[in-house]
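A short worksheet on the structure shown next.
By convention in this document, chain letters (A, B, ...) are assigned in the order of the sequence lines, proteins followed by strands, and residues within each chain are numbered from 1. Values below: every heavy atom of this structure, side chains too, minus hydrogens, waters and symmetry copies.
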2 protein chains.
Amino acid sequence: MPTVDDVAQAAGVSRQTVSNVLNSPEIVREATRQRVLEAISSLGYRPHASARRLRTRKSATIGVRIDPWRDGISGAVLDRFLHKLTEHADARGLRVMVFSAADPDDELARIRRLREGSDVDAFVLTATTHGDERIRALTEQGVPFVAFGRPWDPETSAVRHRWVDVDGRAGVAGAVRHLREQGARRVGWIGWPHGSGTGDERRAGWEAACGVDADARAALARHVEDGVTEGSRAAAELLALPEPPDAIVCASDSLALGAMIAARTAGRPALPVVGFDDTPVAAAVGLSSIEQPLDDVVAAALDLLFGPAGDDVRPNPSSDEEPTDRLLAPRLVERRPGHLALDAIPGT
Amino acid sequence: MPTVDDVAQAAGVSRQTVSNVLNSPEIVREATRQRVLEAISSLGYRPHASARRLRTRKSATIGVRIDPWRDGISGAVLDRFLHKLTEHADARGLRVMVFSAADPDDELARIRRLREGSDVDAFVLTATTHGDERIRALTEQGVPFVAFGRPWDPETSAVRHRWVDVDGRAGVAGAVRHLREQGARRVGWIGWPHGSGTGDERRAGWEAACGVDADARAALARHVEDGVTEGSRAAAELLALPEPPDAIVCASDSLALGAMIAARTAGRPALPVVGFDDTPVAAAVGLSSIEQPLDDVVAAALDLLFGPAGDDVRPNPSSDEEPTDRLLAPRLVERRPGHLALDAIPGT
DNA sequence: CTGAAAGCGCTAACAG
DNA sequence: CTGTTAGCGCTTTCAG
């Protein structure tokens, strides 16, 4: 495997010039540069990443914790996020290292280890929670990071840090408004129990846009654990109401799938149902869903960490100079329900 | 950040002794070892990974290509594989680096780059195909790797390499046999078009175990592209037969979900349907499914690469010494269909 | 703009 | 068993 010295010799320059061609091309005379570049490609030279890292103390690598696979359909979002992250990172010449951890403490320990070896420059935190310990800890330790998920409590908000999130409230409100424009008068809601930041935000979007009074809202909303069965049961309840909803928006695709099945079972296969996250299942069964703009999320996260271009990690934000967060709007993906099995049966 | 020198000084030994304590503890006297260990933890010393890599020319890191997210439910298997891989790797002190690539050529180029920088010691190839170019290329280049997926053609089989796969044929045959023990007399099959190794294997399992003659087999089998809609349509056809199947086994959960919906629509909600891969969707809707033993797959892959313990990559196999592949049996996860929406509707 | 010198932190050889 | 001596390949001073 050739080294800088080999290249230098082949090009008839000093070792340093080669390094300059690679790292600060603008200060090298064009002719020399060409000669060096030629030598590089004819020798098939590749800089040795570890040597460079040892010297520069950076790795151009970002770390992401990869969660244990949770049951439920919604978990897929983080996987898609990881895919996107990898693609964008590759495009910027960054590498992505994944690791697993049993709990937040374990995650912090692993992060420390990865960083001390200069294995990883910066981290992406996913799934922020109420009272997330990670944010304060990493900020105190000076570990550069960006969170996918806004701060959900005042203490965490007070810690100035970088984050990107998707505006679930706006997404749901938009979907509800759209349904009403299509003629829906009573849009139901199936969401999660109160207390999860994400869930409460999404529900707030429904509340703001559904256009019915508090009593009707109480009747038209259900809050259950995430799951197809739960969504099915909740939807069945709503549909059995004296004044049933004429459309249902759900906090997740799992709930929405359940609602869709319940609607069919109740003889209302055309009931508009909207899910959240636009998972593959939604696409597969023809369910409308609110899609998180993961491409934009990832691009924003990398911008925050590394600046608009380049692979130099910026230190965590200290004062209030530039913006350190980004809230992105999701998009409704519309599909026609019922295009599926019913039509597919010959003779129906 | 402390270095070996700091530790050596604190412990009153030479720099080398510290290194020995870390890398060959058995050659250091117990008392000295203790003293060094104490210094290490009191200083919070961590070896610098890049320096070590530069010196030893290995990284204790494995690389995995992460595919662009495909639509369809089945893609989830590779994600779960990645999760498992990360967990097992962490347990062995290995790191996992993910990267994306546009196509197999691009993948090879990226692999070369990652390896030349000593960024990655070995690779895990997923989703092997007919005429997979990667296997020959990596073998020729001497890049250590293990494939998740057996060789599907004679040329690739002739290239001695390490691989792990799941015996889809045995899995399907087992499921069919089980259904027959439960009383099914005509077990149908919905699979993929001929030509995909995986699909053909699974179909062969059905063929071997279904216990009907060739004519009946022809009637009871459908081969369609993967997808819920396709599965639904195929199942509807089978159920409309003069002698319909009394159970259906499918090559994927997507197909099975479609079949399940079709069965309900056709008024046969209790028809046993079995999918493949045991994806979250199957669990969500209560679909039986054949589960790939990913834990075992990953453990076997790492064993093949690194030996039963340790983090030293073995070179690719040359002669026929040890076994270099492993075929694992999947497991049927049984669920009761129909526990879902129908029962959940109040008043039914 | 180009060249020479120094050293990042670590471990593989050797000599004691 | 312990200490000394050399680099791994690269970049960052600092003179020419």
Practice task
Just say parallel, tilted or perpendicular for the rings of B:F81 and B:F148, cut-offs at 30° and 60°.
Solution key: parallel
Handout entry: d(CD, B:Q16; P, C:dT11) in whole Å
Key = 8 Å
Exercise for the section: Using atom CG of A:N23 as one end and atom P of C:dC1 as the other, report the distance to the nearest whole Å. Expected result: 17 Å
Problem - Test: B:R115 and B:D119 ion pair at under 4.0 Å - result: no
Handout entry: Criterion side-chain contact (heavy atoms from CB on, under 4.5 Å) on B:T32 and B:T17, from CA distance to verdict
Key = CA-CA 9 Å; B:T32 323; B:T17 305; 4.0 Å; yes
Practice task
Please check if the side chain of B:D325 supplies one atom and the backbone of B:V164 the other of a donor-acceptor pair under 3.5 Å.
Solution key: no
Exercise for the section: Please tell me which of A:R15 and B:V13 maps to the more 5' nucleotide of DNA chain D, matching each residue to the nucleotide holding its nearest heavy atom. Expected result: B:V13
Problem - For DNA chain C, the residues among residues 39-60 of chain A that have a non-hydrogen atom under 4.0 Å from it - result: A:L54, A:R55, A:R57
Problem - SB check A:R33 A:E30 (cutoff 4.0 Å) - result: yes
Exercise for the section: Under the side chain to side chain donor-acceptor pair (under 3.5 Å) rule, collect the residues that match up with A:D296, sequence neighbours excluded. Expected result: none
Problem - Short N-O contact, A:D90 and A:R95, less than 4.0 angstrom - result: no
With 3.5 Å as the limit, what N/O pairs link the protein to nucleotides 14-16 of chain C?
none

Handout entry: Residues A:R162 and A:D303 bridged, charged N to O under 4.0 Å
Key = no
Practice task
Give the C-alpha distance, both sets of side-chain angles, the deciding distance and a yes or no for side-chain contact (heavy atoms from CB on, under 4.5 Å) between A:T324 and A:L304.
Solution key: CA-CA 7 Å; A:T324 58; A:L304 254 24; 5.6 Å; no
Handout entry: Positional range of nucleotides in DNA chain D within the contact set of chain B, heavy-atom, under 4.0 Å
Key = D:dC1 to D:dG9
Completion exercise
Contact check, residues 2-11 of chain A vs DNA chain C, heavy-atom distance under 4.0 Å, returns none
Handout entry: A:D295 and A:K84 ion-paired at < 4.0 Å
Key = yes
Practice task
Go through A:L114 and A:M97 one step at a time and tell me if the side-chain contact (heavy atoms from CB on, under 4.5 Å) criterion holds.
Solution key: CA-CA 10 Å; A:L114 283 172; A:M97 181 161 288; 4.0 Å; yes
Practice task
Using atom CG of B:N20 as one end and atom P of C:dA13 as the other, report the distance to the nearest whole Å.
Solution key: 12 Å
Problem - Inter-residue atom distance A:L54.CG - B:R52.CZ, 0.5 Å rounding - result: 13.0 Å
Handout entry: Stems formed with participation of DNA chain D [Watson-Crick or G-U wobble, under 3.5 Å, three or more pairs]
Key = C:1-16 with D:1-16
Problem - Expected output: side-chain B:H88 to main-chain B:V298 donor-acceptor under 3.5 Å - result: no
Problem - Modelled atom types, side-chain donor and acceptor of B:D5 and B:Q9, under 3.5 Å - result: no
